[in-house]
Visitor: 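Dropping the structure in here first, questions after.
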2 protein chains.
Amino acid sequence: MGEEIRSLTEVDRLLHEPSRTVIIAILYAVESADFLYLQREAGLTKGNLSAHLSKLEEAGYVEIEKTYRGKIPLTLCRLTEAGRKAFEDYRRQIKNFIEKV
Amino acid sequence: MGEEIRSLTEVDRLLHEPSRTVIIAILYAVESADFLYLQREAGLTKGNLSAHLSKLEEAGYVEIEKTYRGKIPLTLCRLTEAGRKAFEDYRRQIKNFIEKV
DNA sequence: GCAAACCAGTTTGTAATGCAAACCGCAGAA
DNA sequence: TTCTGCGGTTTGCATTACAAACTGGTTTGC
């Protein structure tokens with residue numbers, strides 16, 4: 001029993017932050033989203049979304065492509081393979097914990 | 001879909017910290033545990049366990065009874081009704097998220 | 001033409017956090 | 001006495017998450 005419970009302390013802290021879990025979960029579903037879509041869908045302020053995306057990019061979990069829609073800046077985000085795998089791992093760990101307790 | 005995902009940002013941050021989740025999960029199972037048992041079982045240092053317990057106590061999630069076993073100090077911890085309910089709520093939210101994504 | 005408002009984000013300021021290391025009081029041994 | 005645990009608590013610090021202020025550029029109103 002103990003082992004199973006303690007294992008929770010090893011979850012990926014980057015993904016264990018609810019705002020980021022939500023961002024990643026959205027990206028996991030759609031495969032590509034622009035900044036504003038992500039903001040609406042995740043219910044975050046621009047500032048916080050920006051900060052969280054930077055961290056996720058730094059970790060290699062998301063790719064950010066800065067482009068334009070006409071003359072307006074457009075920021076496109078997608079999960080990398082590493083991000084995809086990290087999320088699946090995270091999900092499995094959490095699920096395992098929930099079930100075993 | 002969106003609602004279900006966003007809801008994760010409303011989880012109880014106190015319980016969403018892995019160390020504390022583990023502490024509470026243990027207390028949920030045993031109904032009463034002393035400091036050192038908890039420390040071993042949760043795999044925490046004394047310092048961190050002490051700090052986390054203080055927070056949980058402050059939140060009204062655990063009761064801490066300081067007594068003695070002979071002449072040695074003994075700190076007994078148990079979940080309050082509020083703590084029990086909070087953990088059940090937390091668990092339900094997490095489970096719901098995991099399932100819906 | 002040019003200021004004001006707006007858009008899509010980024011940077012900054014700050015209070016709160018989690019962790020490790022240092023510390024504390026007490027009991028028993030030497 | 002002094003020393004060595006034992007059972008915790010407090011302190012120091014680097015990291016954080018969030019909100020508010022800011023930026024670079026575009027469109028609108030006059």
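Throughout, protein chains are lettered first and strands after them, A, B, ... in sequence-line order, and every chain is numbered starting at 1.
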Visitor: Backbone N or O of H16(A) within a donor-acceptor pair of the H16(B) side chain at under 3.5 Å?
Guide: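 Side chain of H16(B) to backbone of H16(A), a donor-acceptor pair under 3.5 Å: yes, one is there.
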Visitor: Hey, does K71(A) reach any base, or is it just sugar-phosphate, or nothing, if we go heavy atoms under 4.0 Å?
Guide: sugar-phosphate
Visitor: Tell me what E17(B) touches on the nucleic acid: a base, only sugar-phosphate, or nothing, going by heavy atoms under 4.0 Å.
Guide: sugar-phosphate
Visitor: So does H52(A) get a side-chain nitrogen or oxygen closer than 4.0 Å to the phosphate oxygens (OP1/OP2) of dT16(D)?
Guide: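 It does not, given that no N or O in the side chain of H52(A) lies less than 4.0 Å from OP1 or OP2 of dT16(D).
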Visitor: Closest nucleotide of DNA chain D for T75(B) versus for L44(A): which of these residues is on the 5' side?
Guide: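 Here T75(B) is the residue nearer the 5' end.
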Visitor: Report the distance from atom CD1 of I72(A) to atom P of dT26(D), rounded to the nearest whole Å.
Guide: 10 Å
Visitor: Calculate the interatomic distance between H16(A) atom NE2 and dT16(D) atom P; express it in whole Å.
Guide: 15 Å
Visitor: Check this one for me: any side-chain N or O of R20(A) less than 4.0 Å away from OP1 or OP2 of dA17(D)?
Guide: yes
Visitor: Would you be so kind as to tabulate the donor-acceptor pairs closer than 3.5 Å made by side chains of residues 53-78 of chain A, with sequence neighbours excluded?
Guide:
{"unit_1": "S54(A)", "atom_1": "OG", "unit_2": "S50(A)", "atom_2": "O", "d": "3.1"}
{"unit_1": "Y61(A)", "atom_1": "OH", "unit_2": "D12(A)", "atom_2": "OD2", "d": "2.6"}

Visitor: For residues R91(A) and V101(B), report the shortest heavy-atom separation together with the two atoms involved.
Guide: NH1-O, 3.2 Å
Visitor: Figure out the CG/C1' separation between L36(B) and dG5(D), and round it to whole Å.
Guide: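 Those two atoms, CG and C1', are 13 Å apart.
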Visitor: Just the rounded figure in Å: distance from C1' of dA17(D) to NZ of K46(A).
Guide: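 Atom NZ in K46(A) sits about 19 Å away from atom C1' in dA17(D).
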Visitor: Take L53(A) and T45(B), find for each the nucleotide of DNA chain C with the closest heavy atom, and name the residue whose nucleotide sits nearer the 5' end.
Guide: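 Between the two, 5'-proximity favours L53(A).
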Visitor: Assess whether salt bridge (charged side-chain N to carboxylate O under 4.0 Å, His left out) is satisfied between K95(B) and E88(B), documenting all intermediate values.
Guide: CA-CA 10 Å; K95(B) 189 174 181 184; E88(B) 284 165 358; over 6 Å; no
Visitor: Spell out, as yes or no, whether a donor-acceptor pair under 3.5 Å connects the side chain of R20(B) to the backbone of L14(B).
Guide: yes
Visitor: Using a strict heavy-atom distance below 4.0 Å, which residues from residues 55-69 of chain A are in contact with DNA chain C?
Guide: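 Heavy-atom contacts with DNA chain C come from K66(A), R69(A).
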Visitor: Which heavy atom of R84(A) sits nearest to which heavy atom of Y28(A), and what is that distance?
Guide: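 Minimum heavy-atom separation between R84(A) and Y28(A): NH2-O, 3.3 Å.
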Visitor: On a heavy-atom basis, which atom in Q39(B) and which in L44(B) lie closest, and how many Å separate them?
Guide: CG-O, 2.9 Å
Visitor: Measure across R40(A) and R6(B) and return the closest heavy-atom pair with its distance rounded to 0.1 Å.
Guide: O-NH1, 3.4 Å
Visitor: Go ahead and name the base partner of dG25(C); Watson-Crick or wobble counts if both distances stay under 3.5 Å, otherwise write none.
Guide: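 Its partner is dC6(D) (Watson-Crick or G-U wobble, both distances under 3.5 Å).
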Visitor: Could you say whether L14(B) or P73(B) is positioned toward the 5' end of DNA chain C, judged by the nucleotide with the nearest heavy atom to each?
Guide: L14(B)
Visitor: Looking only at heavy atoms, what is the nearest atom pair of I26(B) and A42(B), with distance?
Guide: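 Nearest pair, atom of I26(B) first, then A42(B): CD1-N, 3.8 Å.
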Visitor: Mind checking S50(A) for me? I need base, sugar-phosphate or nothing, with any heavy atom below 4.0 Å counting as a touch.
Guide: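 The answer is base, as S50(A) lies within the cut-off (heavy atoms under 4.0 Å) of a base atom.
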Visitor: Taking all atoms of both residues into account, what is the closest heavy-atom pair of H52(A) and S19(A), and its distance?
Guide: NE2-CB, 3.6 Å
Visitor: With heavy atoms of chain B within less than 4.0 Å as the criterion, where does contact along DNA chain C begin and end?
Guide: dT17(C) to dG28(C)
Visitor: Does dC18(D) have its OP1 or OP2 closer than 4.0 Å to a side-chain nitrogen or oxygen of S19(A)?
Guide: yes
Visitor: Using a heavy-atom cut-off of 4.0 Å across all strands, would you classify L74(B) as base, sugar-phosphate, or nothing?
Guide: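 Here L74(B) touches the backbone only, sparing every base.
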